[in-house]
Amino acid sequence: MDQKELAFFRDALNKNLDEILQKGQETIEDMTESGETYADPADRATAESDRAFTLRLRDRERKLIKKIQKAIKRIDDGDFGYCVACGDDISIARLKARPVTTLCIACKSKQEEEEQNRGE
């Protein structure tokens, strides 16, 4: 992979990271500022459900942050774009779709098949 492609992926990963961090900050601000009280239990339940959903999303994004940071480190180390299982190149199309991936299509398919066979 050439330097131009690596710069593209580094920029994309950094933008994604910034967006996630911004959403997280907005969520914190919304939850600390919102001192709403609800007279209707149904409204309170809906608000709690919405908060729980938002927190689940942020938790998933927290996990994605770690993957993004590892991908940026792989770019720095010169390991980005190589499958950790077989060592082959990961296609640019796959990296554009999922830049944090560490497996090529063949190895990921094999992994998913093994998981399905185990019932995971």
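- Annotation: the span from Asp18 atom CG to Lys15 atom NZ amounts to 10.0 Å, rounded to 0.5 Å.
- With sequence neighbours excluded, the residues satisfying salt bridge (Lys or Arg N to Asp or Glu O under 4.0 Å) with Lys73 are Asp77.
- Annotation: the span from Asn16 atom CG to Glu61 atom CD amounts to 8.5 Å, rounded to 0.5 Å.
- With 3.5 Å as the limit, one finds a donor-acceptor pair spanning the side chains of Glu26 and Gln22.
- For Arg62, the salt bridge (Lys or Arg N to Asp or Glu O under 4.0 Å) test picks out Asp59, with sequence neighbours left out.
- Among residues two or more places apart in sequence or in another chain, the side chain to side chain contact (heavy atoms under 4.5 Å, CB included) test is passed with Leu21 by Leu17, Ile65.
- Side-chain contact, Gln111 with Lys108: a donor N or O sits under 3.5 Å from an acceptor N or O.
- Within the structure, ring-ring contact (aromatic ring centres under 6.0 Å, His included) contacts touching residues 72-107 (residues at least two apart or in different chains) are Phe9-Phe80.
- In this structure, Arg44 has no salt bridge (Lys or Arg N to Asp or Glu O under 4.0 Å) partners at least two apart in sequence or on a different chain.
- Every residue two or more places apart in sequence or in another chain that forms a salt bridge (Lys or Arg N to Asp or Glu O under 4.0 Å) with Glu48 is listed here: Arg51.
- Alongside Leu57, the hydrophobic cluster contains Phe53 (criterion: ILVMFWY side chains under 4.5 Å).
- Residue pairs that meet the side chain to side chain donor-acceptor pair (under 3.5 Å) test with at least one member in residues 4-13, sequence neighbours left out, are Arg10-Asp76.
- Atom-to-atom distance recorded for Thr54:OG1 and Asp30:CG is 8.5 Å, nearest 0.5 angstrom.
- Under a hydrophobic clustering in which Ile, Leu, Val, Met, Phe, Trp and Tyr are joined whenever their side-chain heavy atoms come within less than 4.5 Å, directly or via other members, Val84 and Met1 fall into different clusters.
- A distance of 11.5 Å separates CG in Asn14 from CD in Glu19, rounded to the nearest 0.5 Å.
- Annotation: side chain to side chain contact (heavy atoms under 4.5 Å, CB included) contacts of Glu113 (sequence neighbours excluded): Asn117.
- When hydrophobic clusters are built by joining Ile, Leu, Val, Met, Phe, Trp and Tyr residues whose side-chain heavy atoms come closer than 4.5 Å, directly or via intermediates, Ile28 is not grouped with Ile20.
- More than 12 heavy-atom neighbours from other residues, nucleotides or ligands sit within 6.0 angstrom of CD on Glu114.
- Thr46 is linked by a side chain to side chain contact (heavy atoms under 4.5 Å, CB included) to Asp50, counting only residues two or more places apart in sequence or in another chain.
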For residues 94-106, dump all side-chain donor-acceptor pairs below 3.5 Å to protein atoms at least two apart in sequence or in another chain.
residue, atom, partner, partner atom, Å
Arg94, NE, Leu103, O, 2.8
Arg94, NH2, Thr101, OG1, 2.9
Arg94, NH2, Leu103, O, 3.4
Thr101, OG1, Leu103, N, 3.4
Thr101, OG1, Leu103, O, 3.2

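- For Asp43, the side chain to side chain contact (heavy atoms under 4.5 Å, CB included) test picks out Tyr38, Asp40, with sequence neighbours left out.
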